[in-house]
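Read the structure below first, then the notes.
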Amino acid sequence: VQRLTNGTFSTKYLANSYGCALPKTKFFQTVGLPETWYKKNMVTPPTEYVNCSIGAAYYTNDRKGVTFQNESALSSANGYNWSYYDVLLELVDYTNGTGGYGWPRRIVAEDLPNCSVLVIGDSTVDHDVMTGTMLSYFTGKGKTLTLLGTLGSDGNYNEGRAGWKAADYFTDRQYQGVTNPFYNPNSETFDFSYYMTNQGYSGVDYVVIQLGINDLYNSDASAIEPLWNNISGMIDSIKSYDSNIKVILNLPTTPNSDQSQHSTSEFLYRNIVIRYNEYAEKNALSKYSTNSVRCSYCHLILDPDTDIRDNVHPTNAGYEKMALEVINQINCWNAGV
């Protein structure tokens, strides 16, 4: 223990390798769409030493994390705080970007707009369950959701390509015989204006980007910055076409926590995903206005024990949770919060 404390693996050294994917921004929730944030998605390593509280009345250090209730007030009682400890049970220094608080939160009424949405992603979009759930939910509320995309059918359209990295959208790759519609051969890169013109779309209200799993899988920390640079490049191209488009980033989800379901590299993959999510949240906040780009909480609300069926793919119940979180973001944005 003395060697660990004073040597290379000191508490401070360990703290610098941690990532915490909890947001430090104001966030809002729709009435009837309560959420639970799970510890195994929040911090790495080790998640069992995360403490989180809501206001002064609710405190937990259990394995699940925090369940938020439908509170209508915008007050300090609805804020949240967290801290966590390294493997030597020493409090990790907040100055390293770890631990902290979330701004007070407020529940808003459901008042969905008629709108158009384009979802760009990998197999987690290609499965069509998330976008199909979104479509069904809007229809059930008497609202019109127009999903754009060259893939899918019967109104459930999207741009989900199994196995694709964010970087692949900047190349001339094909998918199931379909040429990458975002690739402009003249500029030789991802070009959102080129895509919209070629598809005959006059505009879109929301773009959801759900990429990163394939970039990070079987990789290390060197993949974090290039992935963010590609995501940021996509956003910049979207904003160049129309600065009023609202972009929602669905950050990568963590793997199933049952090692029998997949390879022994689960811990390493969980680590890199959470560290990327922290990096992406910080960079999105510093580069873009929250009126322009927002991160959803899809990366926090899936239970790794039950909502992820393997290394990367949610169960149908997991996809449905993700769909409701996107709907929550759209509804809150429409409410002006």
Side-chain angles (χ1 to χ4, degrees), residues 116-132 147-154 156-201 204 206-242 245 247-253 255 263 265 269 272-273 276-277 279-280 283-284 293 298-299 310-314 319 322 326:
S116 56
V117 178
L118 170 63
V119 185
I120 306 171
D122 46 37
S123 60
T124 60
V125 174
D126 188 32
H127 285 172
D128 298 339
V129 178
M130 189 185 82
T131 48
L147 292 172
L148 307 186
T150 60
L151 303 174
S153 61
D154 299 325
N156 185 8
Y157 300 112
N158 57 64
E159 296 292 355
R161 291 166 169 78
W164 274 38
K165 301 177 180 180
D168 291 329
Y169 279 95
F170 290 78
T171 72
D172 59 351
R173 287 191 62 184
Q174 291 191 349
Y175 179 71
Q176 295 182 348
V178 179
T179 301
N180 176 9
F182 296 96
Y183 180 77
N184 185 336
N186 296 317
S187 57
E188 298 184 333
T189 190
F190 179 97
D191 187 338
F192 194 77
S193 297
Y194 176 84
Y195 170 84
M196 294 295 285
T197 299
N198 277 6
Q199 302 309 316
Y201 296 142
V204 63
Y206 297 87
V207 174
V208 179
I209 300 176
Q210 188 165 305
L211 286 162
I213 287 175
N214 296 303
D215 302 74
L216 300 173
Y217 195 68
N218 288 332
S219 189
D220 56 27
S222 65
I224 290 177
E225 186 175 357
L227 170 56
W228 168 253
N229 288 340
N230 283 322
I231 296 296
S232 181
M234 283 186 172
I235 297 171
D236 292 344
S237 183
I238 292 167
K239 293 296 180 178
S240 178
Y241 168 76
D242 183 354
I245 294 174
V247 177
I248 299 173
L249 296 183
N250 284 357
L251 300 176
T253 55
S263 70
S265 64
Y269 177 60
I272 195 68
V273 167
Y276 167 75
N277 288 347
Y279 185 87
N283 279 276
V293 177
C298 286
H299 60 298
D310 56 17
N311 275 29
V312 297
H313 299 102
Y319 283 127
M322 295 173 74
V326 173

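Only a predicted model underlies this, so the values are computations on that prediction, with no experimental measurement involved. Hydrogens, waters and symmetry mates are skipped; everything else that's a heavy atom, side chains included, is used. Nothing fancy with the numbering, it's 1 onward along the sequence.
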> If you take all heavy atoms of L251 and A280, which pair is closest and at what distance?
Replying inline: CD2-CB, 3.8 Å
>> Using only atom types and a distance under 3.5 Å, with no angle test, would you say the side chain of N158 pairs donor to acceptor with the backbone of L147?
In response: no
> Under a 4.5 Å cut-off applied to non-hydrogen side-chain atoms, are L151 and E159 in contact?
Replying inline: yes
> Looking at side-chain heavy atoms only, is the closest gap between T124 and M130 below 4.5 Å?
Replying inline: no
>> Using every non-hydrogen atom in the two residues, find where N250 and Q210 come nearest and quote the distance to one decimal.
In response: ND2-OE1, 2.8 Å
>> Go through it in stages, so that I can follow the logic: the residues are Y269 and L216, the test is side-chain contact (heavy atoms from CB on, under 4.5 Å), and I'd like the CA-CA distance, side-chain angles, deciding distance and then a yes or no.
In response: CA-CA 7 Å; Y269 177 60; L216 300 173; 4.2 Å; yes
> About how many Å separate NZ of K165 and CG of L211, when rounded to the nearest 0.5 Å?
Replying inline: 12.0 Å
> Does the side chain of Y175 reach to within under 4.5 Å of the side chain of D168, using non-hydrogen atoms?
Replying inline: no
> Between A167 and D215, what is the shortest heavy-atom contact and its length?
Replying inline: N-OD2, 3.9 Å
> If you measure from CZ on R161 to CG on N214, what distance do you get to the nearest 0.5 Å?
Replying inline: 13.0 Å
> Any chance CG of D220 has more than 12 other-residue heavy atoms, nucleotides or ligands included, within less than 6.0 Å?
Replying inline: yes
> Given M322 and V129, is the side-chain contact (heavy atoms from CB on, under 4.5 Å) satisfied, shown in steps?
Replying inline: CA-CA 10 Å; M322 295 173 74; V129 178; over 6 Å; no
> So which heavy atom on M234 is nearest to which on Y169, and how close?
Replying inline: CE-CB, 3.3 Å
>> Can you confirm whether W164 sits close enough to N180 that some side-chain heavy atom of one is under 4.5 Å from a side-chain heavy atom of the other?
In response: yes
> What's the shortest heavy-atom distance between F170 and T189, and which atoms?
Replying inline: CD2-OG1, 3.3 Å
> Does Y195 reach the side chain of F190, with side-chain heavy atoms less than 4.5 Å apart?
Replying inline: no
> Hey, what do you get for CG (L118) to CD (Q199), rounding to the nearest 0.5 Å?
Replying inline: 10.0 Å
>> Working to the nearest 0.5 angstrom, can you tell me the gap between D122 CG and H127 NE2?
In response: 9.0 Å
>> Given 3.5 Å as the limit, does a donor-acceptor pair link the side chain of S237 with the main chain of F192, or not?
In response: yes
> Under the side-chain contact (heavy atoms from CB on, under 4.5 Å) criterion, do V125 and I120 qualify, and how do the steps go?
Replying inline: CA-CA 7 Å; V125 174; I120 306 171; over 6 Å; no
> Taking all atoms of both residues into account, what is the closest heavy-atom pair of P252 and V273, and its distance?
Replying inline: O-CG1, 3.6 Å
> Okay, side chain of N156, backbone of D128: is any donor-acceptor separation there less than 3.5 Å?
Replying inline: yes
>> Using side-chain contact (heavy atoms from CB on, under 4.5 Å), reason through Y183 and R173 one step at a time and then give a plain yes or no.
In response: CA-CA 9 Å; Y183 180 77; R173 287 191 62 184; over 6 Å; no
> Is there a side-chain contact between S232 and N283, using heavy atoms and a 4.5 Å cut-off?
Replying inline: no
>> Please check this pair: side chain of Y319 against backbone of H313, looking for a donor-acceptor N/O pair closer than 3.5 Å.
In response: no
> Between OG of S193 and CG of N198, what distance do you get to the nearest 0.5 Å?
Replying inline: 11.0 Å
> Heavy atoms, side chains only, cut-off 4.5 Å: are Y241 and I238 in contact?
Replying inline: no
> Do I224 and I272 have side-chain heavy atoms sitting under 4.5 Å apart?
Replying inline: yes
